[in-house]
Amino acid sequence: MLKTIRKYNKDAPIFMFSVYNPFYVYFPTLTQIQQYTDEWNEVSKKVIASDSKIYFVDINKQLSEGQYYGKSKSSLKNSTTTDLNNVSDGKLETMLSDTEEKNDYLSSEDHFHPNNKGYRYMTSQLYKVMMAHKKTWLEEN
């Protein structure tokens, strides 16, 4: 996608959001998912480092941890599951179809995509990065 954008416009500013772990609040001790999320973000940073007009917008920690951001894993309100291999399909489906979202930044409809609060956070982070690099992409006439 980045190559395609550059093919049509070599100077367009590109703002790339990090990915986040929507399952963190449900399974905070299942560290493999967060490890892969962090690895993806680190690779993304390395890929965009060679282009001075691509900017990284980090939303990973806040959207992964929600209202528990910066707090210990033990502060999660409900007990969590550490081994998904021991969870029956029915129980897993029940856990994920619960209408009470445990992360205040994610949608209670799918427990994956951001809700309005999550999108507002993303917007505020994007704005901060845009303003930090304003002189590199905004030409004032």
Side-chain angles (χ1 to χ4, degrees), residues 1-89 91-141:
M1 184 167 64
L2 296 173
K3 286 181 182 179
T4 301
I5 293 170
R6 286 293 172 247
K7 178 180 167 185
Y8 291 102
N9 187 331
K10 63 183 175 82
D11 296 318
I14 300 171
F15 296 89
M16 177 185 285
F17 282 99
S18 64
V19 295
Y20 60 94
N21 174 5
F23 306 111
Y24 177 85
V25 172
Y26 284 91
F27 311 106
T29 56
L30 189 63
T31 58
Q32 296 92 337
I33 297 173
Q34 192 59 48
Q35 177 186 342
Y36 299 139
T37 301
D38 292 342
E39 287 175 10
W40 177 276
N41 289 328
E42 288 307 311
V43 168
S44 295
K45 288 178 189 177
K46 287 177 184 173
V47 167
I48 68 172
S50 63
D51 188 318
S52 65
K53 294 210 175 186
I54 303 179
Y55 310 100
F56 193 75
V57 182
D58 194 357
I59 58 163
N60 176 23
K61 290 290 187 187
Q62 185 68 67
L63 263 67
S64 294
E65 298 179 22
Q67 67 274 25
Y68 304 104
Y69 177 69
K71 298 178 183 170
S72 70
K73 291 179 183 178
S74 63
S75 68
L76 292 174
K77 294 177 184 174
N78 296 27
S79 64
T80 59
T81 301
T82 59
D83 186 0
L84 293 180
N85 293 322
N86 293 329
V87 176
S88 69
D89 290 342
K91 184 174 181 186
L92 183 59
E93 186 176 332
T94 300
M95 290 167 63
L96 295 176
S97 64
D98 184 357
T99 58
E100 287 294 317
E101 174 56 52
K102 292 178 176 69
N103 182 334
D104 286 349
Y105 289 78
L106 300 183
S107 166
S108 60
E109 291 181 23
D110 64 9
H111 310 289
F112 189 90
H113 293 93
N115 58 19
N116 287 340
K117 183 175 185 175
Y119 281 120
R120 280 193 303 273
Y121 178 76
M122 291 174 68
T123 302
S124 72
Q125 293 308 107
L126 173 61
Y127 183 77
K128 286 178 189 176
V129 173
M130 289 178 74
M131 292 299 103
H133 300 285
K134 182 178 176 181
K135 291 182 180 178
T136 65
W137 59 265
L138 181 64
E139 293 180 21
E140 296 188 27
N141 293 328

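For this chain, numbers begin at 1 and follow the sequence in order. Only this structure's heavy atoms are used, side chains among them; waters, hydrogens and symmetry mates stay out.
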query: Considering only heavy atoms from C-beta outward, does the side chain of Phe23 approach that of Leu30 to under 4.5 Å?
result: no
Parallel, tilted or perpendicular, as decided by the 30° and 60° cut-offs, for the rings of Tyr105 and Tyr121: perpendicular
task: Using a cut-off of 6.0 Å, state whether more than 12 heavy atoms not belonging to Met1 lie near its atom CE.
output: no
message: Run Lys53 and Asp11 through side chain to side chain contact (heavy atoms under 4.5 Å, CB included) and show every step you take.
response: CA-CA 7 Å; Lys53 294 210 175 186; Asp11 296 318; 4.3 Å; yes
task: Find out whether Pro114 and Leu63 are in side-chain contact, i.e. whether some heavy atom of one side chain is under 4.5 Å from a heavy atom of the other.
output: yes
- prompt: Out of curiosity, Thr37 OG1 to Glu39 CD, how far, rounded to the nearest 0.5 Å?
  reply: 9.5 Å
statement: So CZ of Phe56 and CZ of Phe17: to nearest 0.5 Å the spacing works out to 10.5 Å
message: Can you see whether Asn60 engages Asp38 through a side-chain donor-acceptor pair at a distance of less than 3.5 angstrom?
response: yes
field: Polar side chain donor-acceptor pair, Thr136 to Tyr55, under 3.5 angstrom
entry: yes
Considering all heavy atoms, the nearest Gln34-Tyr24 contact: OE1-CD1, 4.2 Å
Interatomic spacing from OH in Tyr20 to CD1 in Ile33 - rounded to 0.5 Å: 13.5 Å
field: CG-CG distance between Asp51 and Leu2, expressed to the nearest 0.5 angstrom
entry: 8.0 Å
- request: Check whether more than 12 heavy atoms from other residues, nucleotides or ligands sit under 6.0 Å from atom CG of Asn116, and answer yes or no.
  value: no
task: Begin from the C-alpha positions of His113 and Leu106 and carry the test side chain to side chain contact (heavy atoms under 4.5 Å, CB included) through to its verdict.
output: CA-CA 6 Å; His113 293 93; Leu106 300 183; over 6 Å; no
statement: Correct closest heavy-atom pair for Tyr68 and Lys102 would be CE1-O, 3.6 Å
message: For the CD atom of Glu65 and the NZ atom of Lys71, what is their distance to the nearest 0.5 Å?
response: 10.5 Å
- line: Distance col, row Ser18:OG vs Trp40:CH2, nearest 0.5 angstrom, shows 12.0 Å
- request: Taking the side chain as every heavy atom from C-beta outward, state whether Gln67 and Asn103 have any pair of such atoms under 4.5 Å apart.
  value: yes
